[in-house]
Amino acid sequence: MVAAMLVRSALPWVRRDSRRDAGRPSGAALRYRAPALLGAALALLLGCSGAAQAPPARAARVVKTPPAQPKAPEGPPLLPAHVIAELDDEDATPYLARRGDEALLLYAAGGRWRTRVLGADGAPRGEAMEAGPAAADVPVAALRATPQGYIVAWIEQAEGSRAVRVLSLDPAGKPVAPASLVAQTAEEITWLDVLPNAAGALVLWEMPREDRVDVVMTVVAQGKGAASKPTAPASVAREVLGWHAVATERGAAVALVLPPAAPPPRAERKPARKADAEDAAEAGKLGSIAFLEIDAAGKVSAPVAVSPEPTAQVDLEIAAVGGRYLLTWTDERDIDSAVYLAAVEPGGKVAVTPRQATPPSGEQALVSLVAPTEGGGRALLAWEDLLRARGGDREGGGAEARGAGRFIHLASVGPDGALSAERAALVFSASGPPDLAADGDGFAAVTLAPAALKADRGGTAAPPVWPTFVRFGPDLSVRAAEPVRAAPFAATDGVPYLVRGLSCHKGACATLASAAAGAGAQPGGAGRAGAAGARAPLALVPLPVRESAWRAPAFREDRDPPPRATAVRALAEGDHIARVAAAELDGGAALSAWVTYFVEGASDGAPRGQDLSATLAVRAASPGGLGKLNVLSQKASSLGGVAIAAAPPLPADPKGKGGAAPGESVLAWVARERGETQVYVTKVDATGAKIAQKKLTTAARKKPGGPPSEASDVAIAYDGAGGFIVAWVDTRDGNAEVYAARIDRALNRTAPERRITNAPLDAAEVQIAVRGQEAWLVWSDTRPAGDGASGGPSGGAGGPSGEASGDVFLARLDAKTLQRIGDEARLHASPEHSRSPVLAPLEGGVVVGWVDEPAGESAPGRGAPAGGIARFVRLDNSGAAQGAPIAVAGPDGAAVSSVALACDKVCRGVLASASGDSVVLNALTLSPGDAAAPSLKPLAWLTGSASQDVSPAFGGRSGASLFFADDSVSGSGRVRWMTIAWP
């Protein structure tokens with residue numbers, strides 16, 4: 001028995017503005033202020049969940065066709081349909097409930113409730129009948145089938161008063177008695193649901209109390225004769241943050257989001273700044289999860305704690321599966337929000353303690369939990385990963401890449417809370433979240449997605465965005481899919497104005513669809529929407545399993561070939577990130593270090609008496625989990641960056657005792673003290689804890705009458721002989737030049753500090769790799785042509801007419817003495833500005849990559865991104881280029897902003913490119929001898945803006961671990977760790 005299910009997704013109304021306690025690099029709590037993910041709250045008529053949002057935040061959802069559309073494709077047949085009513089208003093809400101092989105339609109017309117019985121095929125059985133007066137303003141109603149017939153309840157508003165009324169109907173839709181007034185108040189009533197049982201039904205509604213709600217109920221008994229009067233309103237729960245209820249044979253099971261017992265300590269003290277005041281105000285908007293039951297007589301059990309931590313958002317849902325109750329919600333106990341699951345036995349025993357439903361995938365949000373059909377089976381969990389690829393044209397039916405929208409991920413789930421290995425993805429547009437329903441042993445969906453024909457794979461025109469249905473098998477394979485188009489909507493190419501109320505019974509699915517007022521059923525009969533007397537046709541459209549020429553907006557996601565992201569976790573949250581570095585450790589572990597973004601005079605002020613700049617931090621990441629976040633300094637320079645290199649473990653004790661000592665890593669970074677910058681080196685253990693630290697440079701920085709000099713762009717590499725080589729850019733001699741120094745494991749300098757370059761203009765972004773007895777340095781340099789550097793594969797001209805535009809240069813050094821071997825080499829001369837070089841050793845040489853962007857454009861970073869491409873060139877053991885550089889453009893012409901590169905037997909890379917208003921990470925593979933540009937595959941769409949430099953860095957030669965910067969949906973900076981499966 002199913003009520004009219006209006007399209008619902010928890011995603012559009014999840015409140016992401018709450019805060020969790022976490023250690024911040026500065027020592028204070030990390031701030032997390034996240035807005036709503038997608039917009040207003042949209043809710044399911046079949047149940048209620050959420051907090052005390054205003055009525056618009058609880059509005060029933062529909063799939064609404066966008067008004068402006070490209071030309072419709074021609075040829076495919078329409079779906080069958082039955083016109084079952086005409087609505088006074090195109091936005092009026094009809095309600096549908098199934099009872100056995102029949103269904104009952106309820107709608108308001110002419111100030112009266114009307115009902116109409118529909119057969120198994122959706123065709124009307126007789127004419128509509130009146131069921132009583134209908135108020136002019138009914139924001140919410142619910143219709144449910146019962147063993148004796150149907151029960152409908154609604155909220156009506158008039159002259160400042162709110163009322164709840166209940167009406168019993170027999171199986172033919174005829175009123176058993178006049179509607180009963182259950183409650184009337186001057187206070188708000190924002191949501192309502194009917195939960196049927198063997199004896200009648202429980203009617204539950206919510207009343208807001210500032211940012212919380214009270215849940216109230218009445219008991220409606222329904223016999224063979226007249227319906228008994230509903231009981232007086234009684235309390236179910238007071239001042240909860242959110243709730244969701246499901247009907248049972250015994251009554252109802254209710255899941256609650258309870259507010260914290262007491263405000264967190266931070267909220268109790270006076271905020272020091274506006275941001276702290278916002279944090280304090282938002283504290284308490286997360287809650288704990290509890291469960292209770294209500295019997296058919298209205299007796300409420302004591303709540304049982306399911307998840308006592310106050311980390312749950314208000315998007316809680318509950319469903320009966322296999323004799324248990326599954327509870328799911330979006331949880332913020334870690335830095336990234338994640339979907340959690342728990343299972344409870346009837347009676348309240350927690351059978352499955354709360355756990356994360358899926359592998360970490362960055363910020364995540366619950367969409368829906370769909371209960372199985374009455375015959376049992378598995379439920380369907382739907383969620384969104386905000387750091388997952390969008391769109392994409394996939395073999396066998398996928399979403400059109402252009403404007404495809406977002407992916408919702410689907411997996412079936414059993415009573416043990418374990419998700420199936422089979423996964424599917426469903427495309428939905430930002431303005432139309434999908435309707436999901438159980439379909440026999442499978443599932444069905446109605447979504448809003450681009451409508452394209454399978455044969456039209458090379459078309460350049462953007463496809464129209466239409467309501468589209470998908471029928472999934474039990475393994476989530478796509479059984480059928482096509483747009484919802486039917487003859488009653490011929491005036492609009494067969495596409496309805498609104499689609500809602502998806503329901504399935506015995507393997508047959510259908511949905512309600514309505515035209516805009518004035519759009520007639522016959523071709524050429526379109527009238528002016530909203531014209532006087534115009535009515536909106538309402539049809540029931542069956543959704544058959546049949547062959548279709550349309551491309552499905554869904555596919556089996558677990559069959560997606562690599563490369564693909566397998567997990568994404570956040571390492572830290574707080575200020576924006578300027579630079580990320582990583583190094584590989586033993587056993588699949590890695591260390592990631594980062595420095596935050598700080599501009600003197602523009603960033604938050606430091607406490608009085610403290611000289612604070614950017615924060616330098618490091619954290620270990622391994623398959624076993626994350627290590628402690630270690631803050632190494634709060635006086636770092638953002639422009640200095642950070643680099644990290646790992647050394648192999650020390651040999652075993654000479655006497656053979658104790659085994660090898662654990663490996664150590666050294667960080668190179670720049671500190672700012674009293675307005676001056678110097679290069680520092682810090683040794684850390686495998687957990688990232690500091691062992692030792694020394695200042696590497698002591699250059700005089702302040703110059704009388706001139707600007708102080710700066711150190712920046714550090715790089716470091718293990719030298720293969722027990723020490724490290726550090727390189728950086730320094731302006732101590734006027735313009736920016738590359739310097740290098742060698743240190744041992746004790747951080748003592750073992751070779752004189754050397755100036756590597758001597759050019760008239762500036763060097764930047766030096767990188768280093770050690771090959772045998774040589775250290776190879778690459779950097780970007782603005783020196784003009786004819787400066788004495790040897791030419792690369794494209795000659796020696798640095799730009800048009802010899803202008804300095806910036807090219808990538810190479811220098812080879814003796815790893816022991818740091819003496820230069822041979823001349824510097826310009827790797828590629830072009831009129832573009834070459835920047836952000838990376839290099840990775842490969843058998844027989846190295847591979848160098850960089851970004852070329854139009855000269856004169858603003859460089860990416862905190863400003864607007866510039867157009868650009870990536871180039872890669874392979875160098876042999878002598879530094880000679882093996883062919884011309886390979887140019888790789890971003891997808892669909894997107895500007896490439898940064899590159900990460902790792903080489904083992906092949907080279908694997910990740911390009912960050914600005915696509916629209918965000919950044920996408922694309923994977924590529926370069927094999928030895930490749931001359932053509934490699935294909936790109938999206939790994940993730942980031943939540944930060946397109947203007948940020950995400951600074952991707954691989955932790956190891958395999959490319960299996962990628963670390964990068966991103967901004968959360970709240971705008972706070974995050975460092976993320978992605979694991980990647982490669983072919």
Asp336, Asp967, Asp966 screened by salt bridge (Lys or Arg N to Asp or Glu O under 4.0 Å) with Arg974, the one that passes: Asp336
CG of Leu839 to CG of Leu810: how many Å apart, nearest 0.5 Å? 8.5 Å
Would you give the length of the straight line joining atom OG of Ser913 to atom CD1 of Ile869, rounded to the nearest 0.5 angstrom? 13.0 Å
So, are Arg701 and Glu673 salt-bridged, with charged N and O less than 4.0 Å apart? no
One should read off an interatomic distance between Leu921 CG and Leu936 CG, to the nearest 0.5 angstrom, of 11.5 Å
Report yes or no: is the cationic atom of Arg783 (NZ for Lys, CZ for Arg) under 6.0 Å from the centre of the six-membered ring of Phe809, at an angle within 45° of the ring normal? yes
Could you tell me whether Asp719 and Lys816 have a side-chain N and a carboxylate O separated by less than 4.0 Å? no
Which distance, rounded to the nearest 0.5 Å, do you find between the CD of Glu363 and the OG of Ser970? 6.5 Å
Rounded to the nearest 0.5 Å, what's the gap from OG on Ser637 to OH on Tyr680? Could you check? 12.5 Å
Salt bridge (charged side-chain N to carboxylate O under 4.0 Å, His left out) for Glu753 and Arg732? Distances and angles first, verdict last. CA-CA 13 Å; Glu753 179 181 303; Arg732 67 180 71 174; 2.5 Å; yes
Before accepting this row, confirm whether a basic side-chain N of the pair Arg957/Glu584 lies closer than 4.0 Å to the acidic partner's carboxylate O. no
Distance check, rounded to the nearest 0.5 Å: Tyr739 atom OH versus Thr697 atom OG1? 10.5 Å
Report the C-alpha distance between Arg976 and Thr943 in whole Å, list the side-chain angles of each, state the deciding distance to 0.1 Å, and finish with yes or no for side chain to side chain contact (heavy atoms under 4.5 Å, CB included). CA-CA 12 Å; Arg976 300 191 188 274; Thr943 51; 3.9 Å; yes
Verify the distance criterion only: is there a donor paired with an acceptor across the side chains of Ser780 and Arg835 at less than 3.5 Å? no
